[in-house]
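Notes follow the structure.
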2 protein chains.
Amino acid sequence: MSINPRQTTESRQAEIIATMVRLSAERSPAEITTTDIAKAMGVTQGALFRHFATKEAIRLAVVEWIDEHLMFELLAAKERSTDALAALKAMFMAHVGFAKAHPGAPRLIFGELQQPNASPVKQRVQQIMQRYRQTLSQTLAAAIEAKLIRADADCPSAAALFLGAIQGLVIQSMLSGNTEQMEQQAVGVLELYLAALGVKS
Amino acid sequence: MSINPRQTTESRQAEIIATMVRLSAERSPAEITTTDIAKAMGVTQGALFRHFATKEAIRLAVVEWIDEHLMFELLAAKERSTDALAALKAMFMAHVGFAKAHPGAPRLIFGELQQPNASPVKQRVQQIMQRYRQTLSQTLAAAIEAKLIRADADCPSAAALFLGAIQGLVIQSMLSGNTEQMEQQAVGVLELYLAALGVKS
DNA sequence: CTAGTAAGTAATTTAATACTTACAAGCGCC
DNA sequence: GGCGCTTGTAAGTATTAAATTACTTACTAG
């Protein structure tokens, strides 16, 4: 079939990653087989192993894709904000928007959480989250500096609550399957979060 | 061996559930096989099917065990509190304490989140979380009534943030493998959460 | 003491899964 | 236009899982 010509490894890798993320939106990532991915791509199962050595390599590449694209969105949100407080709001909504645009992404991350500590993929996730929390802490500190939020707010706790608020919303949407509702509820939760930082609505 | 005499189905079911929770503390629940459980119990794999018809039945029983025991702890925490605000604090710490005492429990719940919506086990989790949020909303409303928290706080959002805060802490502890740290951080996060409700520290 | 039932074992079945291999065919390059 | 590398296929392998089966052993009631 001419629908499916030969392609470069680079483009196939991207396609495999995209397919994995897409399929993860509906099914448990752990249960997605190489056959599933291949079928969704219109290619035979063995072909995948031309582009990734093992399935674990696919999982790692997917996690890296998520990191790259989420961080891009967060940075963009931050840069289009005029101050640190606006940046926090924009990052919050950008993260929720990312989860809505790619519902498979959080499922993949949650799946990797389950893995034993030694797993390289999990270590990558660990690193990603740590960096994220650091960025948040910095932005929070900047907001304190600019007197936009309470001076006595504990930055690490505030960063943890920021992430938790989003994760809670994502978990709820995973249960209901309704990402629309998640985005709506995000507004209310964000407002409450900001109140914790001493921001009046 | 006399260590392992014959037992009733009831006690074996409890043992299977306990073993599943215990093993989930270290490994991904999805990867725990019936052979793993049987080995940990000192029994043959086939024996499990004398007590549960399928593996899914085991998973359902485990989720129900978690529900029952977590709700027991939460209710106890609530009842030993003198007012609605103290109840919220006590429930928060009780939930975190439960996650510390049974690290496998959140992993099992997160694992079920991944399943398709039609799954009976996931539906059970959905129901559990919904009831939990309702309980929280009621307690929050009572706290408003008693003028212990801001009158204009949005109860559904506050319930969502409460759960998210805990889930965020749990996720972090799943990454670090450190439940001790989770409990310490919980104090700071709880304080921040209460600030969102207008409670001065 | 004997018959029925519940709980256990050991071995087997069936169905997937990740990964491999032998071979074919397109593409760029000299 | 042939050469070699890459991407693809089709078929195969080894392994693993849940569930089943045939048989055994312990307990209990009449």
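Throughout, protein chains are lettered first and strands after them, A, B, ... in sequence-line order, and every chain is numbered starting at 1.
Applying the 4.0 Å criterion to OP1 and OP2 of C:dG8, one finds that B:R12 has a side-chain N or O inside that range. Taking side-chain N and O atoms only, B:H51 has no distance below 4.0 Å to OP1 or OP2 of C:dA6.
With sequence neighbours left out, B:E183 forms a side-chain hydrogen bond (donor to acceptor under 3.5 Å, both in side chains) with B:K100. Residues passing the side-chain contact (heavy atoms from CB on, under 4.5 Å) test with A:E79, sequence neighbours excluded: A:L75. Remark: B:Q127 engages B:R124, B:R131 in a side-chain contact (heavy atoms from CB on, under 4.5 Å) (not counting sequence neighbours). Evaluation of the side-chain contact (heavy atoms from CB on, under 4.5 Å) rule for B:T19 yields B:E15, B:R22, B:L23, B:I37, B:A40, B:M41 as partners, not counting sequence neighbours. Among residues two or more places apart in sequence or in another chain, the side-chain hydrogen bond (donor to acceptor under 3.5 Å, both in side chains) test is passed with A:S157 by A:D154. Every residue was checked against the side-chain hydrogen bond (donor to acceptor under 3.5 Å, both in side chains) condition with B:K55, not counting sequence neighbours, and none meets it.
When side chains are defined from C-beta on, A:R50 does not count as touching A:T9, because their heavy atoms never get closer than 4.5 Å.
Sorted by first then second residue, the ring pair (Phe, Tyr, Trp, His ring centres under 6.0 Å) pairs that include residues 161-188 of chain B, not counting sequence neighbours, are B:F92-B:F162, B:F162-B:Y193. Sorted by first and then second residue, the ring pair (Phe, Tyr, Trp, His ring centres under 6.0 Å) pairs with a member in residues 53-90 of chain B read B:W65-B:H69, B:W65-B:H102; sequence neighbours excluded. Pairs engaging residues 21-63 of chain B under the ring pair (Phe, Tyr, Trp, His ring centres under 6.0 Å) rule: none recorded [sequence neighbours left out].
For a distance-only test at 3.5 Å, the side chain of B:Q7 fails to qualify as a donor-acceptor partner of the base of C:dA7.
Regarding A:L48, its CG atom lies at a distance of 10 Å from the P atom of C:dC19, rounded to whole Å. The distance from atom CD1 of A:I16 to atom P of C:dA18 is 13 Å, rounded to the nearest whole Å. In this entry the distance linking CD of A:Q45 with P of D:dT7 reads 18 Å, nearest Å. If you measure from atom NZ of A:K39 to atom C1' of C:dA18, you get 15 Å, rounded to the nearest angstrom. Straight-line distance from the CZ atom of A:F49 to the P atom of C:dA18: 7 Å, rounded to whole Å.
For residues 17-34 of chain A, proximity to DNA chain C is found at A:T33, A:T34, defined as any non-hydrogen atom under 4.0 angstrom from a strand atom. Taken residue by residue, residues 53-63 of chain A places heavy atoms nearer than 4.0 Å to DNA chain C at A:T54, A:K55.
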Polar pairs (N or O, both sides) under 3.5 Å between protein and nucleotides 23-27 of chain D?
{"from": "D:dT25", "atom 1": "O2", "to": "B:R6", "atom 2": "NH2", "distance (Å)": "2.8"}

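Between the side chain of B:D36 and the main chain of B:T33, a donor-acceptor pair closer than 3.5 Å is present.
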